[in-house]
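Here is the structure we will look at, set down as structure tokens.
When a ligand or atom number is given, it counts from 1 through the structure's own listing order. Atoms considered below: every heavy atom in the structure, side chains included; atoms not considered: hydrogens, waters and symmetry mates.
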Amino acid sequence: MITPDIFDTSSSLHIAAADYFLNCYKEATERHNAFHVALSGGSTPKFLYQLLAKPPYKTEIDWSKVFIYFGDERFVPHTHDDSNYKMASEALLLNVPLVIDHIQSVDTSLSSAELTAEDYHLRLTQQLPRDKQGNQQFDLVLLGLGPDGHTASLFPDTDILQQTKTLCDAVYVAKFDSWRISITYPAINHAAHILLLSEGAGKVDIIHELVNAQETDNKYPIQAVKPKHIMHWFIDKAAAARL
Ligand code: 6PG
């Protein structure tokens, strides 16, 4: 059952998300002196990333302990306007004192999306800590939500939805005629915390359908996210208009 936290404004939504990010950082660094976080892409998280790059978050976080990953990436150069790396770098990564080697960007300079996904999977297996059951685990995964119920780049009717052997994979998204690399359900579901952020009138219908769906419904990719630990949905009033 999805019960989103609903915030009056976009600003209060993102402040709450920044506070949640900070709390996950504190919990993770107390537990294993590091914070491994997968950033989401698209437009929604940009304001959150800009907030994190300013006090109090910029000053309360020891960024040398933060390990940055990307939940998904478009298979374009990092200089391309569609690049999630470009968006996150401009909003956050270039504005806080991260250790450069702790930023695991998706290497889209490789010759194919498949090779890029293989490379990223290998780096995830090398970098991510493991939980008590031996599963590789992000401390926090940030997710967005598309009007078609996709999250990360887990789009409806794509093969990546069946991928359970690797932590990420390449996916061709026909409606955008473009390739993407995305973390897979195993990588998402084992995260210590998952925070889904969604806002705006464009998400009213999908939010309404998901909140009123049965636990067993599996029409949309987001519904196959089955968190092993903690997941929260933060949405604004505009996206909650039909609830
Ligand atoms: C991406 C995202 C994707 C995004 C949703 C929502 O790379 O596009 O990871 O899953 O979160 O498409 O996008 P908006 O935030 O732009 O609505």
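By the criterion of a heavy-atom distance under 4.0 Å, both the backbone and the side chain of Thr44 are placed next to ligand 1. Counting heavy atoms under 4.0 Å from ligand 1, residue Glu73 does not touch it at all. Only backbone heavy atoms of Ala152 (N, CA, C or O) come within less than 4.0 Å of ligand 1; its side chain stays farther off. Heavy atoms of Leu145 found under 4.0 angstrom from ligand 1 belong exclusively to the backbone.
Lys228 and Asp131 are not joined by a salt bridge, as no carboxylate oxygen comes within less than 4.0 angstrom of a charged side-chain nitrogen. Using a cutoff of 4.0 Å between basic side-chain nitrogens and carboxylate oxygens, Arg123 and Asp107 are not scored as salt-bridged.
Any N or O atom pair closer than 3.5 Å counts here, and Arg74 shares at least one such pair with ligand 1. Where the criterion is an N or O separation shorter than 3.5 Å, residue side chain and backbone included, Asn84 meets it with respect to ligand 1.
Within the listing of ligand 1, atoms 11 (O) sit less than 4.0 angstrom from a heavy atom of Gly144. The atoms of ligand 1 that sit less than 4.0 Å from any heavy atom of Lys203 are 6 (C), 14 (P), 17 (O).
By the 4.0 Å heavy-atom criterion, Gly71 is excluded from the residues contacting ligand 1. Residue Glu199 places no heavy atom under 4.0 Å from ligand 1.
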### Message
Quick one, His78 with Ser105, criterion side chain to side chain contact (heavy atoms under 4.5 Å, CB included). Give me CA distance, side-chain angles, the key distance, then yes/no.
### Response
CA-CA 9 Å; His78 286 169; Ser105 63; 3.5 Å; yes

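Annotation: atom 9 (O) of ligand 1 to nearest protein heavy atom, Asp72 OD1, 2.6 Å. The nearest protein atom to atom 13 (O) of ligand 1, hydrogens excluded, is given as Gly42 CA, 4.1 Å; this is a heavy-atom distance.
The only option from Ser182, Ser40, Ser153 that meets the side-chain hydrogen bond (donor to acceptor under 3.5 Å, both in side chains) definition with Asp72 turns out to be Ser153.
No side-chain N or O of His121 forms a donor-acceptor pair with one of Asp169 less than 3.5 Å apart.
Residue Lys86 places its NZ atom among more than 12 non-hydrogen atoms of other residues, nucleotides or ligands, all under 6.0 Å distant.
Under the 30°/60° scheme for interplanar angles, the aromatic rings of His232 and Phe234 are found to be tilted.
Between the side chain of Asn212 and the main chain of His208, a donor-acceptor pair closer than 3.5 Å is present.
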